[in-house]
Amino acid sequence: MKLPYAEPYRIKMVEPIFQSTIEQRKAWIKEADYNLFNLKSDQVYIDLLTDSGTGAMSDRQWAEIMLGDESYAGSRSFLKLDKAVKDITGYKYFIPTHQGRAAENVLFSATVKEGDIIPGNSHFDTTKGHIEFRKGKAVDCTIAEAFDTDLYHPFKGNIDLDKLKKVLSENPIEKIPFIIITVTCNTAGGQPVSMENIKAVSALCKSYNVPVYFDAARYAENCYFIKVREEAYKDVSIKDIAKEMFSYGDGMTMSSKKDGLVNMGGIIALNDEPTYRTAITFNIMYEGFITYGGMSGRDMGALAVGLYEALDYDYLASRVTQVQYLGEKMAEFGVPVQKPIGGHAVYLDANKFVPTIPKEEYRAQSLAIELYIVAGIRGVEIGTILADRDPETRENRYPELELVRLAIPRRTYTHNHMEYIAAALHEIYISRHEAKNGYNILWEAPIMRHFTVKLEKIQS
Ligand SMILES: *Cc1c(COP(=O)(O)O)cnc(C)c1O
C-alpha cells in the first residue's frame, strides 16, 4: 500500500497570522500605491511574495545559532560553513556574502566589463540588473518550450544549445566572461535544468574556453527533479547529483535564502584562483572580511546545517509535493497555471486568466492585486513591470509570459493553507470576465522598478 505523502517534520513553535476583511484590504492596497511590496506583513494573511528567506529553520539550526562564534576573523562558524560549501560543491574557494545579489555584485565586479555578453537561461532579475548596471548584456538562451505554459516538458529550464552556440560563435570570446545556468530557473517558472543539458552546455562552453557559473539559489530542488525525472539518476543520492552538477561548472553564486534554509546569506564558490583573488578584494570592500562577508557567525553556523538539510530527499519530496498539490488543485478548477508545476512556486498565466485587461495595463499585476483584495494572499508579478524598460529605447518590454508567482515558503504553511489558496483562486477565476481595467504607472525607478513602483487604478 502506498501511503499519502506527509511532512517529515512536526511543528515546535507557532507564529500567529492575522485575518483581515476585504474592506480593510481595499484601503490598505490603495495606501500602498497598489504595490504589494509596500504592504505591511500584518496586512497579509498568507504571504507568497517570495520563498526567499521566509522559511522555517529546524531545531538543529536554532541550536547552531546558540553556538555561533562571532570572531571577526577565522571563526568556528565560518569554518563549519566553509567545510560544508566545499564538501557539497566540490569547488576550491568559498566567499561568504550577505545575500545572493551581493554574491553577484562581488563576482561580477571581478569579471564583467562594459560591452560584455553573458548568455544564460532567463537570468534572474538581480543577475540581469548587475549585468546591465555594468553595461553588459544578458542574452536569454532558454529553450522555446519554456514559453508555452500548457506544454509539458520535464526540463523547461534547459538552455537551447543552438541559441547558445550562435552567441558563442558570433561574438568575440573575450566579450563573454562566462555563461550562467540558473538552477532551477526562477524566471521561466521554477523549472529545472536536466543534467544532460548541463553536461552539454558545459562541453560546448569548454570548446570555446568560456567558464560556466551556476546561479544555484535552488540547486537542491533542481537536483530533486533530476533524480525523479532523469532515468539515469533515479538511484543516485541528491548530494551526489549536486556534486556531479557542480563538477560541470567553474563556480557558483547562491542566495542562501532559498535552498540554504536560512533567512539571510549568500555564497560564492569557485575554482579559478585569479578570479578568487580579485573577488575577495571586492568582498572586503562591499561585504566584510572574507571569513564573514556580511553574515553573523551564528547565521553561518545555521547555514552550514541548512545546506545539508536541504539535500535530504524526504524534505525535498515534501517540499515539491506541497507545491505540486497546490498547482494541480488549481489546474483542476480550470485556473491557467504554468505546467509542469515548478519546484518552489505556482505561476498563474495572466494572459490566459485575464485577457480582458489590456496588456498595457499590466495584467499580472492586476491579478495579483485582486488575489490580495479577495483573500489576503500576497503573490508577486513576474511580467511587464518586472521586465523593466529597454535600456536603450526606454519602451516597456513585454515578456512572452505574464505571470503571477505564488512562491511557497519552505516548511512554513500547512495543507489547509494550500486549500485556502486554491479556493480563493477558484472564486476569482469564476468571475474573471468582469475584470476590464488594469493600472497606470504613476512613478517608477530607472532599474528594478517593481520593488518601488507606484500605480493607480484605471477607472472605466
Ligand atoms: C533570490 C535569487 C537571487 C538573488 O538573491 P538574494 O538573496 O535575493 O539577493 C539570484 N538568483 C536567483 C535565481 C534567485 O532566486
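Below, each value reflects all heavy atoms present in this structure, side chains not excepted, and no hydrogens, waters or symmetry copies. Atoms within a ligand are numbered from 1 in the order they appear, just like the ligands themselves.
Tyr398 carries Lys359 over the face of its six-membered ring, with the cationic atom under 6.0 Å from the centre and within 45° of the normal. Cation-pi geometry between Lys227 and Tyr313 is met: the NZ or CZ atom falls under 6.0 Å from the ring centre, inside 45° of the normal. For the pair Arg134 and Phe108, the NZ or CZ position fails the cation-pi test of under 6.0 Å to the six-membered ring centre and within 45 degrees of the ring normal.
Within 4.0 Å of ligand 1, the residues that place a heavy atom are Gln99, Gly100, Arg101, Glu104, Phe124, Thr126, Thr182, Asn186, Asp215, Ala217, Arg218, Ser255, Lys257, Lys258, listed by chain and number.
Within a 6.0 Å sphere centred on CZ of Arg76, heavy atoms belonging to other residues, nucleotides or ligands number 12 at most.
With sequence neighbours excluded, no residue forms a side chain to side chain donor-acceptor pair (under 3.5 Å) with Lys40.
Remark: Glu64 engages Lys80 in a salt bridge, criterion side-chain N to carboxylate O under 4.0 Å.
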